[in-house]
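Everything on this sheet refers to the single structure shown next.
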Amino acid sequence: MEGIKGELLDQMNNHLRILLDKAVNIAVESYAQEHKTKTLGTAKRSNGPVNEKKKVFLHRASLLDELMEVGHFQTIYHMFIAVLCVFVISTAAVDIIDHGSMVLDFDLLFYTFGQFGTVVWSWLFLFLYTLLVPYKVSTFWASLYPKSKHKILLSLCVGTFLLVCQTFALYIFPVYVVNHYRLPPASSSIVILEQVRFIMKSYSFLRETVPAVLKDESKEKNPQIPKLSSYLYFLFCPTLIYRENYPRTPYIRWKYVAKSFTQFLGCVFFVYFILVTLCIPVFKNMSKEPFSKKTLVLSIFHATLPGTFVLLIVFYAFLHCWLNAFAEMLRFADRMFYKDWWNSTSFSNYYRTWNVVVHDWLYYYIYQDLLWLLRKRFRGGVMLGVFFMSAFVHEYIMTLSLGFFYPVMFCLFAFFGVVFHFTLNDKRTGPGWNVMIWTFLFVGQGIQLCLYCQEWYAQIHCPLTEKTFWGLITPRSWSCRS
């Protein structure tokens, strides 16, 4: 009885501490938003979008780190590890039966991360350009702007120069590297994801510093030029919103860093075993069989389970392990990279809570600025534009990573996602709506995994004899039956 009593007290203490932390965070956020709202009410419109709501960085842990302190959630984590062990055991058993010994073949994994040297030197170029050119150009402009008699001409010349540099270095160069060297999927995705990240980081830096210089100049102050060290820290810290300073933790927990990177590596192998065990045997020879609606439907529903596993593992690997590892090494204290998206009862809440890092960038720099330009009219149109922009970038990443154009994600994101966003809104509450959200996620992941796998093998089995525009944009899986 004493042991049970002690366990109950420990669980109650953990629950109370989590609830208290959440209450404190909500109170701080509400106070900050109320203060910002009062400031906005007294500010003039001439100051522009700079005076709109800004993100407040707080000292807070990731939600899964808090939940993992509860034994019941640790059990769910242990179940995923057990599933990974089952995949390893099944692969080893098949190797023993087929070859007489255990031969774990990682050729596919080595292929997907092939030409890694090209990835490294192209990343170094992107990093050095993003570190030096936007910073030097912006500081050069900031030093001359207050004293210049031709402010518009100076801004136009500097802005044009920077735009040309950005176009060639951050837009054209990564695409050229991926296509010229024919990088495999994982290597291509690293280059393209880093391209998108550096574009968003440099835009955030310019978006925060340029209005600050204009504001200081209007008040006849000397412009506050950002420090290079602050900008360098920003390029590595897990946020896309630039600030001169962020809340910091007092020390680095190196065991936590090692654990996070180990878990990330485990997630990579987890996805590999899912593809090798559940996907490749099903879709490898599918393009050689006669097409039928029954086969397509069954393959989609067969892909729902591995697709959902991939969704959860990719979320945990990148938005939890990877970002928390860098946050810990940089002592970055605000670890709210996601919220409880799994409890969402509407797609609007799911989109806001799935990836808070990207959502904040879209909200503060695209949605909010467009609303200001349109004088806070056409909110629905602005929201629709942000959706299409996000869908286009997602499809751009998929197209260059896989090496073919098949806009499955764009259609699901830009069309069905928009419909679900406006129909299944925040007014929908209750557990039934959460079940519906998860059902749509299962089916959507199955559709994506099935169609992309079919197209991948169709590109291999039925290569183009003559490259034409329609041949490049038409999915090969629609006509490939070899």
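Since this is a predicted model, take the numbers as computed values, not measurements.
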Quick one about [Y] and [X] (side-chain donor to acceptor, distance below 3.5 Å, no hydrogens or angles considered), yes or no?
| X | Y | value |
| --- | --- | --- |
| Y365 | E208 | yes |
| Y396 | Q195 | yes |
| N434 | T345 | no |
| S260 | W322 | no |
| E244 | Y242 | yes |

Q: Report the C-alpha distance between F116 and F110 in whole Å, list the side-chain angles of each, state the deciding distance to 0.1 Å, and finish with yes or no for ring pair (Phe, Tyr, Trp, His ring centres under 6.0 Å).
A: CA-CA 10 Å; F116 204 73; F110 292 138; over 10 Å; no

Any side-chain to backbone donor/acceptor pair from [X] onto [Y]? Under 3.5 Å, distance only.
| X | Y | answer |
| --- | --- | --- |
| S189 | P185 | yes |
| H394 | S390 | yes |
| S202 | I199 | yes |
| W433 | S346 | no |

Step through the shown structure and confirm whether more than 12 heavy atoms of other residues, nucleotides or ligands are within 6.0 Å of [atom1] on [X].
| X | atom1 | value |
| --- | --- | --- |
| K55 | NZ | yes |
| R182 | CZ | no |
| F388 | CZ | yes |
| I152 | CD1 | no |
| F125 | CZ | yes |

Could you tell me which residues satisfy side chain to side chain donor-acceptor pair (under 3.5 Å) with [X], sequence neighbours excluded, listed by chain and number?
| X | result |
| --- | --- |
| R331 | none |
| T399 | E395 |
| T249 | none |
| Y129 | Q166 |

Q | Pairs satisfying salt bridge (Lys or Arg N to Asp or Glu O under 4.0 Å), at least one member in residues 186-201, at least two apart | A | E194-R197

With rounding to the nearest 0.5 Å, note down the distance linking [atom1] in [X] to [atom2] in [Y].
| X | Y | atom1 | atom2 | value |
| --- | --- | --- | --- | --- |
| S122 | I190 | OG | CD1 | 9.5 Å |
| C165 | K136 | SG | NZ | 14.5 Å |
| S155 | L162 | OG | CG | 12.0 Å |

Q: Verify ring pair (Phe, Tyr, Trp, His ring centres under 6.0 Å) between W123 and F127, making sure each step is shown before the conclusion.
A: CA-CA 6 Å; W123 181 88; F127 166 71; 5.2 Å; yes

Describe, in one word, how the ring planes of [X] and [Y] are oriented to each other, choosing from parallel (under 30°), tilted (30 to 60°) and perpendicular (over 60°).
| X | Y | value |
| --- | --- | --- |
| Y363 | H359 | parallel |
| F57 | F332 | perpendicular |
| F440 | F347 | tilted |

(Q) Between F387 and Y351, is the ring pair (Phe, Tyr, Trp, His ring centres under 6.0 Å) condition met? List the steps. (A) CA-CA 10 Å; F387 258 99; Y351 292 138; 5.2 Å; yes

Q) Between R335 and D65, does at least one N-O distance fall below 4.0 Å, as a salt bridge requires? A) no

Please tabulate, one pair per line, all N/O donor-acceptor pairs under 3.5 Å involving side-chain atoms of residues 308-318, not counting sequence neighbours.
residue : atom : partner : partner atom : Å
T308    : OG1  : T304    : O            : 2.7
Y316    : OH   : Q263    : OE1          : 3.2
Y316    : OH   : Q263    : NE2          : 3.3

Q | Stepwise ring pair (Phe, Tyr, Trp, His ring centres under 6.0 Å) test for F205 and F234 | A | CA-CA 9 Å; F205 172 73; F234 168 65; 7.5 Å; no

